[in-house]
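Some notes on the structure that comes next.
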Amino acid sequence: MADTDKTADTKDLSADSSSTAPTSVTSTSSKQSTSQSRESTSNYASSSSGASRGRPRTRSELSNPLSKANLEKRGYHTFSVLGKDFHVDKRWKFVRELGQGAYGIVVLAQDTISGENVAIKQVTRVFEKKELAKRALREIVLLRHFNHHENITGLIDMDLLSPDFNEIYLFME
């Protein structure tokens with residue numbers, strides 16, 4: 001009984017080898033592509049320790065998106081209003097504070113290029129609570145919808161500086 005099992009297994013192997021001949025060619029090409037990807041990975045690993053490629057191993061001051069050096073590099077400047085720092089493009093010059101609300105501060109700024117006055121609203125703690133996120137999104141959607149209405153303040157631009165969306169800046173007419 002064991003002899004018949006061995007012959008059956010041999011027949012299955014011979015049948016499998018004839019049916020798998022084309023796949024052995026693809027497996028050879030996949031082995032080549034795998035070895036090429038390993039070589040490129042090893043090249044990346046060896047070069048990432050050098051200064052030419054890859055992510056830096058240590059965090060620098062530029063890794064903080066709101067650091068003074070990073071803001072200067074990106075063309076932003078900072079001014080403080082009511083203890084809150086506004087990080088805006090250098091083209092906006094602070095004029096005065098307009099008001100403070102439940103989840104933001106509004107200032108008047110002048111565009112140094114066109115001379116136009118705009119209101120900049122800093123919305124903070126956007127994702128602290130779900131209700132605050134919904135409120136901020138609702139305001140943005142409504143301002144965009146009524147952008148050309150004569151009796152409603154229009155949304156000019158929006159700016160996000162930090163990757164965690166902690167602060168949103170709305171530029172309004």
Side-chain angles (χ1 to χ4, degrees), residues 33-34 36-173:
S33 65
T34 306
Q36 288 172 352
S37 65
R38 284 184 187 154
E39 288 173 8
S40 64
T41 306
S42 64
N43 287 341
Y44 174 74
S46 65
S47 65
S48 65
S49 61
S52 62
R53 289 186 61 190
R55 284 183 30 189
R57 298 274 181 193
T58 59
R59 290 185 164 247
S60 66
E61 186 177 313
L62 293 178
S63 64
N64 180 8
L66 299 178
S67 69
K68 185 174 181 176
N70 197 6
L71 288 172
E72 288 288 326
K73 181 181 174 185
R74 292 168 54 189
Y76 288 87
H77 72 102
T78 303
F79 55 86
S80 184
V81 177
L82 295 174
K84 290 283 190 179
D85 289 335
F86 272 71
H87 309 288
V88 294
D89 196 358
K90 286 184 180 178
R91 72 185 277 183
W92 304 108
K93 179 183 171 190
F94 173 73
V95 177
R96 67 183 174 95
E97 174 198 345
L98 290 178
Q100 180 177 348
Y103 66 107
I105 298 174
V106 182
V107 299
L108 181 68
Q110 185 178 23
D111 187 356
T112 57
I113 297 171
S114 68
E116 179 184 15
N117 287 335
V118 297
I120 302 175
K121 182 175 188 177
Q122 178 192 40
V123 182
T124 57
R125 305 176 307 146
V126 177
F127 290 114
E128 188 173 291
K129 294 181 180 178
K130 190 188 325 187
E131 291 82 21
L132 293 175
K134 286 181 180 180
R135 200 176 291 162
L137 180 63
R138 186 179 307 119
E139 181 178 4
I140 293 168
V141 168
L142 287 172
L143 284 172
R144 287 184 64 196
H145 178 73
F146 293 114
N147 198 22
H148 298 293
H149 194 279
E150 63 187 44
N151 297 327
I152 299 177
T153 301
L155 182 65
I156 297 171
D157 196 10
M158 191 172 108
D159 198 6
L160 306 167
L161 289 178
S162 60
D164 60 351
F165 301 109
N166 195 26
E167 296 176 348
I168 297 175
Y169 295 94
L170 302 175
F171 297 84
M172 298 178 278
E173 297 174 336

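Side-chain atoms are counted along with the backbone in the values below, which use heavy atoms only and exclude waters and symmetry mates.
- Within 6.0 Å of NE2 on H148 lie no more than 12 heavy atoms contributed by other residues, nucleotides or ligands.
- Note: T124 OG1 to I105 CD1 = 7.0 Å, rounded to the nearest 0.5 Å.
- Interatomic distance, CE of M172 versus CG of L143, reported as 6.5 Å (0.5 Å rounding).
- D85 contributes atom CG, which lies 6.0 Å from atom OG1 of T78 (distance to the nearest 0.5 angstrom).
- Residues satisfying the side chain to side chain contact (heavy atoms under 4.5 Å, CB included) criterion with K129, sequence neighbours excluded, are E131, L132.
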- [ ] Tell me, with the steps shown, if V88 and F94 meet side chain to side chain contact (heavy atoms under 4.5 Å, CB included).
- [x] CA-CA 10 Å; V88 294; F94 173 73; over 6 Å; no
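- Expressed to the nearest 0.5 Å, how far CZ of R91 lies from CD1 of I113 amounts to 4.0 Å.
- A search for side chain to side chain contact (heavy atoms under 4.5 Å, CB included) contacts involving V123 returns Y103, K121, V126, A136, I168, L170, not counting sequence neighbours.
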Open item on the list: Before you tell me yes or no, could you show the steps for R74 and L161 under side chain to side chain contact (heavy atoms under 4.5 Å, CB included), namely the whole-Å CA-CA distance, both residues' side-chain angles and the distance that decides it to 0.1 Å?
Closed with: CA-CA 10 Å; R74 292 168 54 189; L161 289 178; 3.5 Å; yes
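- V106 approaches A119 most closely through the heavy-atom pair CG1-CB, 4.0 Å.
- Rounded to the nearest 0.5 angstrom, K84 NZ and E167 CD are separated by 7.0 Å.
- Atom CG of L142 and atom CG of N147 lie 12.0 Å apart (nearest 0.5 Å).
- Under the rule for a side chain to side chain contact (heavy atoms under 4.5 Å, CB included), the partners of R144 that lie at least two apart in sequence or sit in another chain are I140, L155.
- Evaluation of the side-chain hydrogen bond (donor to acceptor under 3.5 Å, both in side chains) rule for Y76 yields D159 as partners, not counting sequence neighbours.
- For E128, the salt bridge (charged side-chain N to carboxylate O under 4.0 Å, His left out) partners two or more places apart in sequence, or in a different chain, are R125.
- A distance-only check finds no donor-acceptor pair linking the side chain of Y169 to the backbone of I120 [under 3.5 Å].
- A ring-centre distance under 6.0 Å is found for W92 and F171.
- With sequence neighbours excluded, the residues satisfying ring-ring contact (aromatic ring centres under 6.0 Å, His included) with H77 are F79.
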TODO: May I have the step-by-step check of side chain to side chain contact (heavy atoms under 4.5 Å, CB included) for R135 and E139, ending in yes or no?
DONE: CA-CA 6 Å; R135 200 176 291 162; E139 181 178 4; over 6 Å; no
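- Using a distance-only test at 3.5 Å, with no hydrogens or angles considered, no donor-acceptor pair links the side chain of T153 to the main chain of E173.
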